[in-house]
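For reference, the structure discussed in these notes is given below.
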Amino acid sequence: MAVNDIDRLIQILSRLPGLGPRSARRAVLFLIKKRESLLLPLIQAMQDVAGSIRPCSVCGNLDDQDPCAVCKDDRRDGASICVVTDVADLWALERTAAYRGRYHVLGGVLSALDGIGPEQLNLASLYRRVEDGEVKEVILALGATVDGQTTAHYVSDRLQGFNVTVSRLAHGVPVGGELDYLDDGTLIQALRARSRL
Amino acid sequence: MDWQDEAIVLAARHYGEHDAVLTLLTREHGRHLGLLRGGFSRRQRPVIELGNRLQATWRARLPEQLGNYQIEGLQSVAALLLDQPLRLAALASACGTIDAALPEREPHPEIFVDLDILIARLIEEAVPGEDGRPGEDRWLVEYVRWELTLLADLGFGLDLTHCAVTGETEDLTYVSPKSGRAVTRSAGRGYHDRLLPLPAFLAEDHAARPDRAAILDGLRLTGHFLSRHVFAQTGQSSRLGASAISKQSAQAEGPMARRQFLQRLQG
C-alpha cells in the first residue's frame with residue numbers, strides 16, 4: 001500500500017465522529033497490523049452494509065429489509081407509534097426493551113437557526129400512518145431542547161385533527177442523579193412533573 | 001485580552017463534534033460570538049439553550065479573534081417555557097430577531113435590558129387579569145412593544161403620537177409604510193389600501209386589551225419596518241428572496257423563528 005493510500009484512509013477516518021487526525025492515524029496503523037483479523041473483515045462488513053442497508057419506507061429506520069424488522073414484527077403493538085429524532089434514538093429505546101410499539105424516525109428536528117422546516121422532516125408519512133386508522137397513540141420522544149419541543153408542539157398541533165392520543169416523554173431527574181449536580185432547567189421540569197407517592 | 005459580562009444566549013451552532021460557536025447578547029459588549037469548548041457536551045448542553053441567562057468570560061490573544069468562552073448558567077429560561085408553545089416560539093423569535101438585527105461587538109446595553117425584561121414577562125406565570133382572562137395577551141402586547149422599542153433603539157423609531165398629515169392626536173388608525181408616522185382615519189381614507197393598519201393598543205395608552213388580530217397587525221407593522229430598515233441591511237431579507245422586500249413588504253418577514261412565531265399566533 002502506498003503512503004498516499006494510507007494518508008487518504010487517515011483523512012477519511014478522521015472525519016468520523018470521535019476521531020481526529022491523530023486517533024485516525026492510530027486506528028489505521030492498528031488495522032494494518034491486524035490485517036487478517038480486523039482489516040479484511042472490516043472491509044467486508046462495510047461493503048455488506050453499503051450494499052444492503054437502506055431506510056425503511058414506513059418508519060425511516062435503517063435495516064437490510066424494507067419494511068424493517070420492527071415494522072414487520074406482528075407481535076408489536078400497531079396502535080402505538082413512538083416518534084424519534086433519528087435512528088440512534090430508536091436504538092436507545094429498543095435497548096430498554098420497555099416499549100413494544102412501532103416507531104417513526106423524523107430525521108431531525110425543526111430548527112429556525114439551521115433553516116430546517118417541516119418539509120425537511122419525515123412528517124408526511126407519519127400523517128399517512130396515523131390517517132390509516134390503526135394508530136391510537138403517538139408518543140413524541142423528542143429532545144428536551146427548544147428545537148425538540150418546538151417540533152413536538154408542531155407535530156402535536158398537526159395531529160389534532162386525527163383521532164389519536166398524543167403524549168410525550170417525561171422530563172426530570174435521571175436514575176442515579178443527585179439533585180446537587182443537576183442543572184436548574186432539569187430540576188424545574190422535575191418539580192413541575194412531580195407525582196404523588 | 002478578556003472580559004466578563006452578563007449574557008443571554010441568542011444561538012449555538014455546532015463546531016466539530018462537541019464544541020459550539022456561541023452567539024451571546026451581552027450587557028456591555030453587545031452581540032458577541034465565541035467558541036465554547038465542549039458546548040454540546042452533556043454537562044454544558046442544557047446551559048446554552050436559547051434565551052438562557054449566563055455569566056460569560058471571553059478570552060482571546062487578540063481582540064479581533066473569535067476567542068473562547070467560559071460560561072456559568074444563571075437562569076434556565078428555556079426550561080421554563082418548554083411546555084408553552086406560543087411563549088417558546090416568542091422566545092425563539094426574539095432571540096432570532098436580535099441575532100439577525102444587531103451587528104457584532106457593538107455595545108447596546110439598552111437592547112440587552114429590553115430583551116431581559118421581555119424574557120421576564122415571558123416566564124411570568126399566566127395570571128388572570130381583572131376580567132378573568134389569563135394574562136397571555138399581556139405578554140403579547142409587551143412583545144409587540146419590544147419590537148417597536150428595538151426599532152427605536154436601532155434608530156428607526158416610529159412616530160405614533162400624532163398624525164403626519166393633520167397633526168391630530170386622536171383616531172390614529174394607519175401608519176405610513178415609508179415615513180413610519182401615524183395617520184388619522186379621515187386623512188388616510190383615500191390611501192387606506194397603501195397604509196399599514198395601526199392597532200389601537202399601540203396608538204392609545206388606555207385602549208382595550210387587544211385580540212389576536214390586533215396583535216398580528218402590530219407584528220406586521222413592526223415586521224415591515226424591521227424588514228425594510230434592519231434585516232435588509234444585515235442580509236436577512238436577501239436570504240429570503242426578492243419577494244420579501246418587494247411591494248408586499250407589509251407582511252412581516254425576517255428570521256425563520258419570527259415567521260414561525262407569527263404562524264403559531266395565526267393558528
Side-chain angles (χ1 to χ4, degrees), chain A residues 14-21 23-24 88 108-121 140 142-161 166-174 176-177 181-193, chain B residues 9-14 16-18 20-21 23 40 42-53 72-97 99-100 123 125 236 239-240 254-261 263-264 266-267:
Chain A
S14 67
R15 286 190 225 147
L16 296 178
L19 293 184
S23 43
V109 285
L110 298 176
S111 172
L113 195 62
D114 300 325
I116 299 172
E119 56 285 348
Q120 272 99 42
L121 302 182
L140 299 172
L142 304 173
T145 61
V146 171
D147 288 344
Q149 291 308 298
T150 299
T151 311
H153 293 311
Y154 177 83
V155 175
S156 169
D157 286 351
R158 293 297 304 269
L159 294 175
Q160 288 296 316
V166 181
S167 58
R168 61 152 213 208
L169 296 188
H171 304 147
V173 183
Y181 291 97
L182 288 183
D183 65 284
D184 52 349
T186 306
L187 276 174
I188 289 162
Q189 289 290 334
L191 207 55
R192 280 183 173 178
Chain B
V9 180
L10 297 180
R13 293 176 174 83
H14 275 278
E17 202 179 346
H18 294 297
V21 174
T23 310
F40 283 98
R42 201 176 293 178
R43 191 176 65 83
Q44 292 204 97
R45 178 74 184 84
V47 186
I48 59 168
E49 280 294 332
L50 218 59
N52 282 358
R53 291 185 171 110
E72 189 182 333
L74 296 177
Q75 188 182 22
S76 287
V77 172
L80 293 163
L81 302 178
L82 286 182
D83 300 339
Q84 303 183 51
L86 192 58
R87 289 172 196 237
L88 193 63
L91 177 71
S93 172
C95 292
T97 300
D99 193 23
I123 58 180
E125 291 297 324
Q236 271 290 328
R239 267 186 252 156
L240 298 168
M256 191 175 177
R258 190 178 186 279
R259 297 202 301 281
Q260 286 175 345
F261 173 47
Q263 281 167 7
R264 184 160 279 284
Q266 283 163 337

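Numbers restart at 1 for each chain; the letters A, B, ... are given by sequence-line order, proteins then strands. Just so you know, these numbers use all the heavy atoms, side chains as well, and skip hydrogens, waters and symmetry mates.
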Please enumerate all residues that pass salt bridge (charged side-chain N to carboxylate O under 4.0 Å, His left out) together with B:Arg13, with sequence neighbours excluded. B:Asp99
How about CD on B:Glu72, more than 12 heavy atoms from neighbouring residues, nucleotides or ligands closer than 6.0 Å, or not? no
Please enumerate all residues that pass salt bridge (charged side-chain N to carboxylate O under 4.0 Å, His left out) together with A:Asp157, with sequence neighbours excluded. B:Arg264
Inter-residue atom distance A:Arg192.CZ - B:Asp83.CG, 0.5 Å rounding: 5.5 Å
Is it the backbone or the side chain of A:Ser111 that comes under 4.5 Å from a heavy atom of chain B, or both, or neither? backbone
Considering only heavy atoms, which portion of A:Ile116 lies under 4.5 Å from any heavy atom of chain B: side chain, backbone, both, or neither? backbone
Do any pairs count as a salt bridge (charged side-chain N to carboxylate O under 4.0 Å, His left out) and have a residue in residues 142-151 of chain A, sequence neighbours left out, and if so which ones? none
Which atom pair, heavy atoms only, marks the closest approach of A:Leu113 to B:Ala11? CD1-CB, 3.5 Å
Among the options B:Ala89, B:Gly73, B:Ala79, B:Gly16, pick out the one with the most heavy-atom pairs lying under 4.5 Å from chain A. B:Ala79
So, the part of B:Gln75 with a heavy atom under 4.5 Å from chain A: the answer is backbone
Whether the side chain of B:His18 engages the backbone of A:Gly18 through a donor-acceptor N/O pair (distance < 3.5 Å, no angle test) should be reported. no
Who in residues 44-51 of chain B is close to chain A, using a strict under-4.5 Å heavy-atom cut-off? B:Arg45, B:Pro46, B:Glu49, B:Leu50
